[in-house]
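Everything below concerns the one structure shown next.
Letters A, B, ... mirror the listed sequences (proteins, then strands); counts begin at 1.
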Amino acid sequence: MRICVVGCGAVGSLFAANLSLLDDVEVVAYDLSAAHVDAINAGGLRLSGAGDVLGRPRATTDAAEIGPCDFGIVATKAMHTEAAIAATAGAFADGSVATVQNGIGNEEVIARHVARVIRGTTFPAGKILEPGHVQWDVKGDTTLGPFEPSPAPFADVERLADACTRAGMPTHAVPDARGPQWRKVIFNAATNPVGALTGLTHGRVCERPDLRALVSGLVSEGKAVAAAQGIELDADPEDLVDHAAKPEVGYNHKASMLQDVEARRPTEIDYLNGGIVRFGGELGVPTPLNEAIWALVKGVEQSWQQ
Amino acid sequence: MTRVCVAGAGSIGSLLAAHLARVTEVSVLTRRADHAQALERDGLRVSGRSDFVARLTAADDPGALPPVDLVILACKGTDLESLAARIEGQFAGATVMTVQNGLGAEEVVAAHGDWPLLSAVTFMSGTRHSDAHVEYVLDTATWIGPFRGTTGDDARAVAELIASSGLKAVGFDDLRPAQWSKLIFNATVNGVAALTELPHDFHFAEIEHQGDLGLLVRDLVDEGKATAAAAGIELDEDPWEMNVLATQRGHRHYPSMLEDVEAHRPTEVESINGSLIRAAGRHGVAVPLHTAVYRLVKAKEASYTQ
């Protein structure tokens with residue numbers, strides 16, 4: 001089985017390194033960072049932290065070198081989906097492509113370029129320490145399911161989930177993966193930008209009752225948009241918010257969007273709160289708080305252009 | 001001749017004191033003794049739109065100041081309660097005028113003495129470079145109206161005195177329409193600027209695409225207008241048009257709450273946004289977006305101590 005990981009940042013590297021350990025899987029890691037690619041080809045792809053792994057994927061910055069694949073796993077930041085899949089689509093002419101990205105709308109973008117698409121959502125997280133070396137912060141499950149308008153065969157979804165699970169990344173194949181996806185999107189959209197706008201860690205956001213109420217307001221709008229699509233959430237995002245606030249889980253965690261803002265990197269706000277607002281608009285569900293938060297974080301990004 | 005005491009020598013107080021000293025006797029009540037000494041020793045220098053040095057009397061003890069006809073309380077809203085307490089029992093026979101942002105300054109002062117009261121809002125701005133040097137930046141007007149035991153003629157007399165000193169001022173029979181216009185404008189622009197760290201520039205008037213900042217600004221203004229309408233106030237100017245005009249002036253104004261968050265100082269969110277939200281509560285108007293902005297700014301202040 002040949003698998004190409006498209007976008008080998010922290011999350012993509014977790015998949016690429018672990019999958020490369022399987023005897024029956026050949027992994028190609030596609031990334032635009034020449035330093036990261038060169039380091040992987042020279043010394044392998046190292047994970048440390050929640051798991052210590054030295055993977056040996058073949059890495060490349062050149063999409064023409066990928067070759068035909070059975071599967072793609074897209075793991076870029078959401079704003080790079082279009083460019084990444086447009087460049088690599090040729091490798092998946094006979095394959096299926098899954099997304100494990102944040103936010104809403106990635107599947108739609110991928111389906112414009114490839115025929116068989118797998119909706120996905122993943123909870124493991126980490127950060128790149130240096131080229132070729134990724135810190136694995138959190139383990140967690142991944143859920144995959146056929147993307148309804150342009151589905152991969154369910155047998156393919158099961159094959160990919162089985163490979164990931166055997167590689168140490170527990171993955172479930174389900175007929176409808178929208179529930180876990182929307183639970184994560186609603187959680188991220190309700191907590192990430194609040195951390196980014198205030199500078200507070202997740203725990204400190206949650207211990208201010210008035211701010212926790214704002215988080216709940218954002219969660220409620222997201223739930224209404226999910227419900228209007230007939231999506232059954234696999235768990236209440238509110239529970240995820242409270243769970244993550246515990247000292248032993250994520251009290252001191254700075255949301256990735258806060259890390260982005262502190263480093264003045266573009267955020268994924270358009271695909272989180274912006275995605276909820278767009279879907280809400282199409283479904284006639286009002287989302288005024290998500291729209292306000294979307295505009296404020298975009299304003300933060302605009303303030304760096306001065 | 002109207003003898004004036006300016007209590008509180010921040011940028012607004014310094015601009016008023018220095019200009020008025022050119023046409024009448026002016027004393028300044030400071031919080032710190034060394035500030036009063038610097039003013040008496042060096043005079044008060046104005047640069048920018050005016051350029052002169054004013055000679056005036058100053059003290060940190062209200063009992064040490066000469067008798068006056070008009071007291072202008074020019075401190076920040078957050079310092080008003082303690083300043084009003086300090087002048088309790090002083091300045092018998094004088095009229096007292098407030099120039100704080102937000103609502104409710106007059107009531108705070110009224111609780112500390114039975115002086116006749118005038119109420120004012122100011123749109124001018126300055127930058128304080130030292131205890132004895134203020135730069136005159138925006139030459140917009142100060143608006144004055146009666147509050148307790150005063151008339152529109154009293155307000156116009158003070159406006160004429162201020163205008164004769166080289167600043168802009170207008171007296172009204174009823175200040176509330178202007179005061180509420182400014183409050184809605186201020187709460188909106190200051191809150192959005194404090195969170196995005198954008199100066200008040202063209203982004204605040206962009207309404208072309210979903211998620212544009214101007215749409216949030218307009219929604220915030222609409223919540224303010226609904227509150228004013230419920231309070232029976234007919235606005236003097238449309239705060240949305242004030243916003244659009246201000247962004248077209250061609251120079252990028254840094255609202256005071258933006259300067260405060262950049263310097264990690266407490267902001268006036270309580271007296272500006274808080275007073276609008278409390279007024280909305282009294283009149284049964286829902287203001288979810290102002291409430292969100294207020295909570296986010298309060299939380300951002302809390303992050304200074306992280």
Side-chain angles (χ1 to χ4, degrees), chain A residues 190 193-201 203-218 220-221 251-252 254 258 261-262 264 269-282 286-306, chain B residues 188-189 191-223 251-252 254-255 258 261-262 264 267 269-270 273-274 277 286-306:
Chain A
V194 173
L197 288 168
T198 63
L200 293 176
T201 65
R204 290 196 66 197
V205 165
C206 291
E207 72 192 5
R208 297 178 65 86
D210 65 342
L211 208 56
R212 182 66 184 79
L214 172 60
V215 170
S216 285
L218 290 161
S220 298
E221 290 181 3
Y251 181 92
N252 284 314
K254 283 188 172 181
L258 173 53
V261 164
E262 286 180 344
R264 301 200 160 194
I269 194 76
D270 288 350
Y271 304 89
L272 292 171
N273 305 75
I276 288 173
V277 171
R278 277 194 302 274
F279 273 78
E282 286 164 19
T287 53
L289 287 175
N290 276 282
E291 195 163 354
I293 294 291
W294 183 22
L296 287 170
V297 175
K298 275 167 47 120
V300 169
E301 294 178 350
Q302 286 157 344
S303 78
W304 307 330
Q305 314 298 323
Q306 298 167 46
Chain B
T188 300
V189 170
V192 170
L195 290 171
T196 60
E197 306 201 8
L198 277 171
H200 190 203
D201 66 8
F202 66 93
H203 294 102
F204 285 64
E206 280 186 334
I207 53 172
E208 203 179 330
H209 302 107
Q210 209 176 24
D212 279 351
L213 198 58
L215 295 172
L216 171 61
V217 169
R218 201 170 59 184
D219 288 345
L220 287 163
V221 164
D222 285 345
E223 286 187 355
H251 94 116
R252 302 154 79 238
Y254 282 72
L258 169 55
V261 297
E262 284 185 342
H264 284 200
T267 71
V269 68
E270 194 61 57
N273 304 62
I277 291 167
V287 288
L289 298 178
H290 273 288
T291 304
V293 165
Y294 167 86
R295 289 170 175 177
L296 289 166
V297 174
K298 296 285 268 190
K300 187 164 182 169
E301 290 179 348
S303 77
Y304 306 158
T305 61
Q306 182 153 267

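- Along residues 293-300 of chain B, the residues that come nearer than 4.5 angstrom to chain A, judged on non-hydrogen atoms, are B/R295, B/L296, B/K298, B/A299, B/K300 in order of number.
- Summarising the geometry of A/L296 relative to B/T196, their closest heavy-atom pair is O-CG2, 3.3 Å, with the distance given to 0.1 Å.
- Interface remark: B/L198 contributes backbone and side-chain atoms alike to the contact with chain A (heavy atom separation under 4.5 Å).
- Remark: the backbone N or O of B/A302 is paired with a side-chain donor or acceptor of A/R204 at under 3.5 angstrom.
- Heavy atoms closer than 4.5 Å to chain B are found in the side chain of A/I293, but not in its backbone.
- Annotation for A/P288 and B/L289: closest pair O-CD2, 3.8 Å, computed over non-hydrogen atoms.
- Scored by the side-chain hydrogen bond (donor to acceptor under 3.5 Å, both in side chains) test, B/E301 finds B/T267 as partners (sequence neighbours excluded).
- Under the side-chain hydrogen bond (donor to acceptor under 3.5 Å, both in side chains) criterion, A/S220 pairs with no residue at all, not counting sequence neighbours.
- A side-chain contact (heavy atoms from CB on, under 4.5 Å) with A/K298 is found for exactly one of B/L213, B/L216, B/D212, namely B/D212.
- Atom-to-atom distance recorded for B/D219:CG and A/E291:CD is 7.0 Å, nearest 0.5 angstrom.
- Every side-chain hydrogen bond (donor to acceptor under 3.5 Å, both in side chains) that A/E207 has, sequence neighbours left out, goes to A/Y251.
- Here the CG atom belonging to B/L195 is positioned 11.5 Å from the OG atom belonging to A/S303, to the nearest 0.5 angstrom.
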